[in-house]
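A short worksheet on the structure shown next.
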Amino acid sequence: MRVLGIDPGLTRCGVGVVEGVAGRPLTMIGVGVVRTSSDAELGDRLVAVERGIEQWLDEHSPGFVAVERVFAQHNVRTVMGTAQASAVAMLCAARRGIPVALHTPSEVKAAVTGSGRADKDQVGAMVTRLLRLDTPPKPADAADALALAICHIWRAPAQNRLQRAVAAHRTSGASRTSGAAGAPGASRTPGVSRTPGPPGPPGTSRTLKGRTA
């Protein structure tokens, strides 16, 4: 499995490619940062992010793309830029038919370090150890991108099993509903009246349309 991890951002968008499967040593294929100038127009910056991500997709042909899920921050301007860069990353992958997964920062930290409260130095140190690198990737955005890719590789098998189980449950439920609807006696034909009961004993009168028979 080859995964492109993307830590979205307008000024620095971290990108990292990791290859491997859960339970076995992982290999870093590449890591870097797509940069844009804070002085440029927003549209131009988004185009630069798109071109940078497209270049990484062309060069490494990942089978999956893992993007950090945007969460609320106190700095609205920062979270808006992160969300815009995230949307560009998902668009680039979707346009090529590459599956996209979103992981929260806590999920990534927990997967890589064992703690959802780990700081960036701890994440960088564990990424260096897991990928058998000589030094931690710099800047932190690059290390975060690799951590995203590692997280997805490790979590993907469990996610796939869960998705298959949910799909099977839905299919089974739909089959039971369809079978119940088609069972004999499950419905009544409109316009057909109920069969009248047996006549009463001799001398008993029955009322019919307001008259005594």
Side-chain angles (χ1 to χ4, degrees), residues 1-19 26-112 116 118-121 123-124 127-128 131 133 136-156 159 163:
M1 177 186 293
R2 177 172 289 193
V3 180
L4 170 63
I6 299 177
D7 181 38
L10 273 181
T11 303
R12 294 186 307 273
C13 181
V15 285
V17 182
V18 177
E19 190 169 65
L26 305 177
T27 302
M28 184 190 77
I29 305 300
V31 65
V33 175
V34 177
R35 300 177 184 271
T36 70
S37 173
S38 58
D39 297 328
E41 293 291 334
L42 174 60
D44 294 334
R45 299 180 74 182
L46 293 175
V47 169
V49 171
E50 179 194 23
R51 288 175 177 170
I53 293 175
E54 288 286 356
Q55 183 177 352
W56 277 80
L57 293 173
D58 287 337
E59 183 175 350
H60 298 289
S61 301
F64 301 87
V65 171
V67 182
E68 183 176 279
R69 186 185 295 275
V70 179
F71 66 100
Q73 294 178 342
H74 296 297
N75 191 329
V76 176
R77 183 176 180 181
T78 299
V79 75
M80 285 295 295
T82 302
Q84 290 161 342
S86 176
V88 170
M90 290 187 284
L91 171 65
C92 291
R95 190 159 49 198
R96 295 170 180 248
I98 302 175
V100 178
L102 300 177
H103 300 286
T104 66
S106 296
E107 289 174 345
V108 176
K109 293 175 182 179
V112 175
D119 59 28
K120 287 188 175 294
D121 289 339
V123 171
V127 166
T128 302
L131 298 178
L133 305 177
K138 298 293 183 182
D141 310 86
D144 288 345
L146 291 173
L148 275 158
I150 294 171
C151 172
H152 184 72
I153 291 174
W154 284 355
R155 291 173 61 94
Q159 289 179 336
Q163 290 173 353

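Residue numbers start at 1 and run along the sequence shown.
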To check you understand the geometry: which heavy-atom pair defines the closest contact between [X] and [Y], and what is its length?
X      : Y      : result
Val123 : Ala147 : CG1-CB, 3.9 Å
Val49  : Gly9   : CG2-O, 4.3 Å
Ser86  : Pro8   : N-CB, 3.6 Å
Leu146 : Gly16  : CD2-CA, 3.7 Å
Ala111 : Cys151 : CB-SG, 3.9 Å
Ala85  : Leu46  : N-CD2, 4.4 Å

State the [atom1]-[atom2] distance between [X] and [Y], to the nearest 0.5 angstrom.
X      : Y      : atom1 : atom2 : value
Ile6   : Cys92  : CD1   : SG    : 7.5 Å
Leu91  : Glu54  : CG    : CD    : 8.0 Å
Arg2   : Ile153 : CZ    : CD1   : 10.5 Å
His103 : Arg155 : NE2   : CZ    : 6.5 Å

Flag the pair [X] / [Y] as yes when at least one side-chain heavy-atom distance between them is below 4.5 Å, and no otherwise.
X      : Y      : value
Val127 : Pro136 : no
Leu42  : Leu10  : yes
His152 : Val18  : no
Pro139 : Arg35  : yes
Val108 : Glu68  : no
Asp141 : Val15  : no
Leu131 : Ile150 : yes

Does Arg51 CZ have over 12 foreign heavy atoms under 6.0 Å away?
no
What residue pairs, at least two apart or across chains, pass side chain to side chain donor-acceptor pair (under 3.5 Å) with a residue in residues 55-64?
Asp58-Arg96
Going through the checks in order, is the side chain to side chain donor-acceptor pair (under 3.5 Å) test met by Arg45 and Ser38?
CA-CA 8 Å; Arg45 299 180 74 182; Ser38 58; 5.6 Å; no
Go through it in stages, so that I can follow the logic: the residues are Val65 and Leu57, the test is side chain to side chain contact (heavy atoms under 4.5 Å, CB included), and I'd like the CA-CA distance, side-chain angles, deciding distance and then a yes or no.
CA-CA 9 Å; Val65 171; Leu57 293 173; 4.2 Å; yes
